[in-house]
Undergrad: 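Please see the structure below; I have some questions.
Quick caveat: nothing in here was measured; it's all calculated off a predicted structure.
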Amino acid sequence: MTHDDLIQIAKKWLIKARNCSVVLSETQAQSGEVPDCIAWRGQYSIKIECKVSRADFRRDLKKWFRNSGPGIGQQRYFMAPKGVIPADEVPEGWGLLEVEGKVVKTIIDNDLLYFDARIASAEVPLLVAALRRSQVRSCNKRSKRRKKNYIRS
């Protein structure tokens, strides 16, 4: 299973299992953090970091934004193929999702205990960047249609 496979599974899980309305993948935050998947359900966010190996998981734990400040994601999960991440190595405040085939099993759930406004404010630039990209794509499509219509006239 590849990292990209896990990201696609995570996106589907966020939409279907958690009823998230906005799902982004591999979008860089101002802090430099690039969550594999982050989604919003109402006012709070759910972040999933996908790991295909235990070594990758251990490297992730050493990233500076994991250890200083709140980072992003009101709820945080690691997602990995079954058996890659031992449950006893998952840091406090994180959940664990295991994938076998295309089935996602919650090993450690991470219930939202409180809403953190600092985390939410760090996520706003991600949403603004996604909206900006969406608008640019929309404008480009309209511009192409106009050019085609103009040429045909």
Side-chain angles (χ1 to χ4, degrees), residues 1-138 140-141:
M1 183 171 293
T2 69
H3 187 258
D4 288 340
D5 294 336
L6 282 176
I7 289 174
Q8 294 307 313
I9 292 168
K11 287 165 65 174
K12 289 177 184 171
W13 183 83
L14 287 164
I15 292 166
K16 292 180 180 179
R18 297 297 175 160
N19 298 317
C20 294
S21 55
V22 176
V23 179
L24 303 176
S25 60
E26 299 184 302
T27 303
Q28 186 169 356
Q30 284 183 328
S31 65
E33 189 172 356
V34 183
D36 290 326
C37 286
I38 186 164
W40 285 265
R41 178 180 177 187
Q43 68 177 354
Y44 74 91
S45 61
I46 304 170
K47 177 174 80 167
I48 299 178
E49 287 296 325
C50 300
K51 303 298 167 195
V52 293
S53 69
R54 193 167 179 194
D56 185 20
F57 167 69
R58 288 189 169 165
R59 273 191 308 273
D60 188 89
L61 296 177
K62 295 176 184 176
K63 291 180 179 175
W64 71 270
F65 45 78
R66 297 276 183 264
N67 300 309
S68 63
I72 59 173
Q74 299 287 336
Q75 285 183 296
R76 300 172 184 161
Y77 291 92
F78 285 105
M79 177 181 275
K82 183 177 180 179
V84 168
I85 300 175
D88 62 346
E89 291 186 20
V90 175
E92 185 178 333
W94 285 76
L96 177 60
L97 305 168
E98 283 190 342
V99 178
E100 190 169 10
K102 293 193 180 205
V103 176
V104 178
K105 183 176 179 186
T106 303
I107 304 302
I108 301 172
D109 205 355
N110 183 11
D111 293 329
L112 180 66
L113 300 177
Y114 60 91
F115 179 80
D116 189 327
R118 293 175 306 155
I119 292 172
S121 66
E123 296 167 351
V124 169
L126 281 172
L127 289 169
V128 170
L131 286 169
R132 187 178 310 116
R133 281 192 307 276
S134 175
Q135 286 179 331
V136 167
R137 281 193 299 262
S138 177
N140 287 342
K141 285 180 184 177

Undergrad: Which atom names give the shortest non-hydrogen contact between Asp36 and Cys50, and what distance separates them?
TA: OD2-N, 2.7 Å

Undergrad: Decide yes or no for Leu61 and Pro91: does some side-chain heavy atom of the first lie under 4.5 Å from some side-chain heavy atom of the second?
TA: yes

Undergrad: Answer yes or no: is there a donor N or O on one side and an acceptor on the other, between the side chain of Glu123 and the main chain of Gly73, under 3.5 Å?
TA: yes

Undergrad: Check Gln74 against Ala120 and note the closest heavy-atom contact, atom names and distance.
TA: NE2-N, 3.6 Å

Undergrad: Do Thr2 and Asp5 have side-chain atoms, one donor and one acceptor, less than 3.5 Å apart?
TA: yes

Undergrad: Starting from the C-alpha separation in whole Å, work towards a yes-or-no answer on side-chain contact (heavy atoms from CB on, under 4.5 Å) for Ser21 and Arg41.
TA: CA-CA 6 Å; Ser21 55; Arg41 178 180 177 187; over 6 Å; no

Undergrad: Would you say that Leu127 contacts Val22 through its side chain, given a criterion of any heavy-atom pair below 4.5 Å between the two side chains?
TA: yes

Undergrad: Can a salt bridge be assigned to the pair Glu100 and Lys82 using a cut-off of 4.0 Å between side-chain N and carboxylate O?
TA: yes

Undergrad: To the nearest 0.5 Å, what is the distance between CD1 (Ile72) and CZ (Arg118)?
TA: 14.0 Å

Undergrad: Quick one, Trp94 with Tyr77, criterion ring pair (Phe, Tyr, Trp, His ring centres under 6.0 Å). Give me CA distance, side-chain angles, the key distance, then yes/no.
TA: CA-CA 5 Å; Trp94 285 76; Tyr77 291 92; 8.5 Å; no

Undergrad: Where is the tightest heavy-atom contact between Met1 and Gly101, given as atom of each residue plus distance?
TA: CE-O, 3.3 Å

Undergrad: Is any side-chain heavy atom of Ile85 closer than 4.5 Å to one of Val90?
TA: yes

Undergrad: Say you draw a straight line from CG of Leu96 to CG of Asp88; how long is it, rounded to the nearest 0.5 Å?
TA: 10.5 Å

Undergrad: As an exercise, state the distance from CD of Glu92 to CG of Asn110, rounded to the nearest 0.5 Å.
TA: 10.0 Å

Undergrad: Any donor and acceptor pair, going by atom type alone, linking the side chain of Thr106 with main-chain N or O of Asp109 inside 3.5 Å?
TA: no

Undergrad: For a side-chain contact (heavy atoms from CB on, under 4.5 Å) check, start with the C-alpha distance between His3 and Glu26, then their side-chain angles and the critical distance, and finish with the verdict.
TA: CA-CA 11 Å; His3 187 258; Glu26 299 184 302; 3.7 Å; yes

Undergrad: I'd like to check Ile119 versus Arg76 (side-chain heavy atoms, cut-off strictly below 4.5 Å). Are they in contact?
TA: yes

Undergrad: Run the side-chain contact (heavy atoms from CB on, under 4.5 Å) check on Ile107 and Leu97 step by step: do they pass?
TA: CA-CA 6 Å; Ile107 304 302; Leu97 305 168; over 6 Å; no

Undergrad: What closest approach, in Å, do Leu14 and Ala39 show between heavy atoms, and which atom pair accounts for it?
TA: CD1-CB, 3.8 Å

Undergrad: When you compare the side chain of Cys20 with that of Ile46, does any pair of heavy atoms fall below 4.5 Å?
TA: yes

Undergrad: Could you measure the distance from the OG atom of Ser25 to the CD1 atom of Ile48? Nearest 0.5 Å is fine.
TA: 11.0 Å

Undergrad: Restricting to non-hydrogen atoms, name the atom on Leu6 and the atom on Met79 that form the minimum distance, rounded to 0.1 Å.
TA: O-SD, 3.7 Å

Undergrad: Go through it in stages, so that I can follow the logic: the residues are Trp40 and Leu24, the test is side-chain contact (heavy atoms from CB on, under 4.5 Å), and I'd like the CA-CA distance, side-chain angles, deciding distance and then a yes or no.
TA: CA-CA 9 Å; Trp40 285 265; Leu24 303 176; 3.8 Å; yes

Undergrad: For the pair Asp60 (side chain) and Phe57 (backbone), establish whether a donor and an acceptor sit closer than 3.5 Å, ignoring hydrogens and angles.
TA: no

Undergrad: Do Glu49 and Pro35 come close enough that some side-chain heavy atom pair is under 4.5 Å?
TA: yes

Undergrad: To check you understand the geometry: which heavy-atom pair defines the closest contact between Ala80 and Val84, and what is its length?
TA: CB-CB, 4.0 Å

